Amino acid sequence: MQKRSLLLQISQLPKLHRRCNQAYFFSSGKTQNFHSFPDNNGDPMYSDVPKPRTDKSQRKPYPTPMKELIKRAKQEKELRKSQPCRLLEHPPANGLLVPELVDVAHRVYRARELILSGLSKLLQFIPVQRCRFCYEVHIGNVGHEIRTCTGPKSGSRSATHVWRKGGVGDVIFFPKCFHLYDRVGKYRVVHDERHSAPRIPAILELCIQAGVDVENYPSKRRTKPVYSIEGRIVDFESVAGMDEMETNLFFENVDDTEVDVLRRDPNSELNAEDTNLIELSTRTLDSWFEMIGGVRKIMEKYNVWTCGYCPEVQVGPKGHKVRMCRASKHQSRNGLHAWQEATINDLVGPNYVWHVHDLNGPPLRNDLKRYYGKAPAVVELCVQAGAPVPDQYRSMMRLDVVPPERDEVDLVA
């Protein structure tokens, strides 16, 4: 009996060997296909839309690993013990501006104004649809039929969207945060100051803290670094003559040729009536990429925080203490936000929409949604207006995929 079982096992060895070879062949083929088509940035050529969180009760993933955050906290604690009173040397933690980012902040500020002006003109030619019950947006004459609505009573409608005309605020959205007059001396807004502290778009607050002077939202500018005494910021600079210091500091960091550009109306380039829609869409798309690239550079130096459970953001050394969080587990925090490091998507939401091959064609069908691609709403609007498709979104929009016809759905695997 043992001989028979042993012979049976030996006879099955060739089959097992062939299966192992096939598994290794297909796995190695997948790996080769994945790494053989890199783009200019070193990433795979195929890129898909990042999937949203399915469970809203779970915390957002940390951009920086928790071990690295704990290591930084321990180093800062040891530094405070070894040097209780020390002069902060590196901006912007010492209250000074980062000189090389002042020009970047002005460019981001101008790019944002150009984007808003360009989108307001593009919407006169390209229609935008917005769902009445959720935040879904669609670029086209007719809204799509994809059942992804999560608004009130969506179950009774089988998750079908109810479309209405949209505007600029639906295409691009800038979350707001509290404005800080002194980002180092008074860097937190408490709960009792929630009505007195102004709220402005977070990207505008980031530009102000990086060096842009806005008339309605003043910011304190320093010429000398602050001190840290046992972890607390102490400023020995006199308050007298701060207006002259702000003026001198502004013109020191910006070239004379740049000042003339800053004094111009940001919308002057779009004031004349644009007869060429392609040029307008291309200029708007270029401003979008300039704004995104500048925000990434500024966020490397200036801290931006977001709540781990809700979309609230705050620009500054620390998050505010206003008890306004209504997301999951807010009872255990007494309404306070669970602050963590923010990403570019928290500051400038991409707002992905479905890509449409033909604006005048039939609406997108729910049973063919796996053949459709997506892109940020700004990119999709500019592409529909005639701008060239950016290389980094070409695969995400799935331009090389041809959806089957209605009578061909059953024939496609």
Side-chain angles (χ1 to χ4, degrees), residues 63-64 68-106 177-194 196-198 200 202 204-214 217-254 297-306 313-322 336-337 339-342 347:
T64 305
E68 182 66 23
L69 296 177
I70 296 175
K71 182 179 178 180
R72 292 179 186 176
K74 289 182 178 180
Q75 293 177 353
E76 186 178 353
K77 185 177 180 180
E78 294 176 356
L79 184 60
R80 285 201 302 265
K81 289 183 179 180
S82 60
Q83 298 180 1
C85 179
R86 58 190 177 92
L87 177 68
L88 299 180
E89 300 178 356
H90 304 287
N94 58 3
L96 303 181
L97 298 176
V98 182
E100 59 269 15
L101 292 181
V102 175
D103 180 58
V104 178
H106 284 94
C177 70
F178 289 102
H179 171 60
L180 302 178
Y181 168 72
D182 187 1
R183 66 176 305 275
V184 175
K186 182 69 171 61
Y187 56 84
R188 267 186 170 174
V189 177
V190 297
H191 187 72
D192 296 337
E193 300 174 347
R194 63 188 184 278
S196 59
I200 62 176
L204 179 59
E205 175 65 17
L206 183 65
C207 294
I208 292 175
Q209 294 188 15
V212 177
D213 292 331
V214 181
Y217 305 104
S219 181
K220 185 176 181 179
R221 308 296 187 193
R222 290 181 170 84
T223 57
K224 297 180 181 179
V226 297
Y227 287 80
S228 175
I229 301 179
E230 295 182 352
R232 294 188 177 184
I233 302 299
V234 179
D235 186 11
F236 295 104
E237 182 176 313
S238 60
V239 185
M242 285 301 296
D243 296 335
E244 298 178 1
M245 295 178 184
E246 292 176 9
T247 306
N248 295 333
L249 181 62
F250 174 74
F251 286 102
E252 283 178 2
N253 288 283
V254 185
K297 292 181 181 179
I298 299 176
M299 290 181 65
E300 293 177 359
K301 293 290 185 179
Y302 291 84
N303 294 331
V304 181
W305 304 92
T306 183
V313 294
Q314 180 60 45
V315 182
K318 300 289 183 180
H320 62 75
K321 289 189 175 182
V322 180
L336 292 175
H337 294 284
W339 296 109
Q340 66 182 44
E341 184 183 358
L347 197 63

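This one's a predicted model, so the numbers in the text were calculated from it and none came from an experiment.
Arg183 places a side-chain N or O within donor-acceptor distance of the main-chain N or O of Pro92, the cut-off being under 3.5 Å. For the pair His106 (side chain) and Cys207 (backbone), a donor-acceptor distance under 3.5 Å is absent.
Within 6.0 Å of atom CD in Glu89, 12 or fewer heavy atoms from other residues, nucleotides or ligands are found, so the atom counts as exposed in its surroundings. Residue-environment remark: NZ (Lys186) exceeds the threshold of 12 foreign heavy atoms within 6.0 Å.
Here the CG-CZ distance, from Asp182 to Arg221, works out to 10.5 Å after rounding to the nearest 0.5 Å. Between the CE atom in Met299 and the CD atom in Glu341 there is a gap of 7.5 Å [rounded to 0.5 Å]. Here OG of Ser228 is found 10.0 Å from CG of Leu87. Values are rounded to the nearest 0.5 Å. Of the inter-residue distances, the one linking Leu96 atom CG with Lys224 atom NZ reads 11.5 Å to the nearest 0.5 angstrom.
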side-chain contact (heavy atoms from CB on, under 4.5 Å) between Gln340 and Thr306, intermediate numbers included: CA-CA 6 Å; Gln340 66 182 44; Thr306 183; 4.1 Å; yes
Evaluation steps, side-chain contact (heavy atoms from CB on, under 4.5 Å), between Ile200 and Ile208: CA-CA 11 Å; Ile200 62 176; Ile208 292 175; 4.0 Å; yes
Evaluation steps, side-chain contact (heavy atoms from CB on, under 4.5 Å), between Gln314 and Leu180: CA-CA 10 Å; Gln314 180 60 45; Leu180 302 178; 4.0 Å; yes
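Summarising the geometry of Val184 relative to Tyr187, their closest heavy-atom pair is O-CD2, 3.2 Å, with the distance given to 0.1 Å. Closest non-hydrogen pair, Ala202 versus Leu347, comes out as CB-CD1, 3.3 Å. When all heavy atoms of Val226 and Ala93 are compared, the pair lying nearest together is CG2-O, 4.2 Å. Listed here is the closest heavy atom pair of Ala210 and Ile298: CB-CG2, 4.1 Å. Of all heavy-atom pairs between Gln209 and Tyr302, the closest is O-CE2, 3.4 Å. Contact record, Leu88 with Ile233: CD1-CD1, 3.8 Å, taken as the closest heavy-atom pair.
Of the listed residues (His320, Glu205, Arg188), just one forms a side chain to side chain contact (heavy atoms under 4.5 Å, CB included) with Phe178, and that residue is His320.
Salt bridge status for Arg72 with Glu76: absent, with no side-chain N to carboxylate O gap under 4.0 Å.
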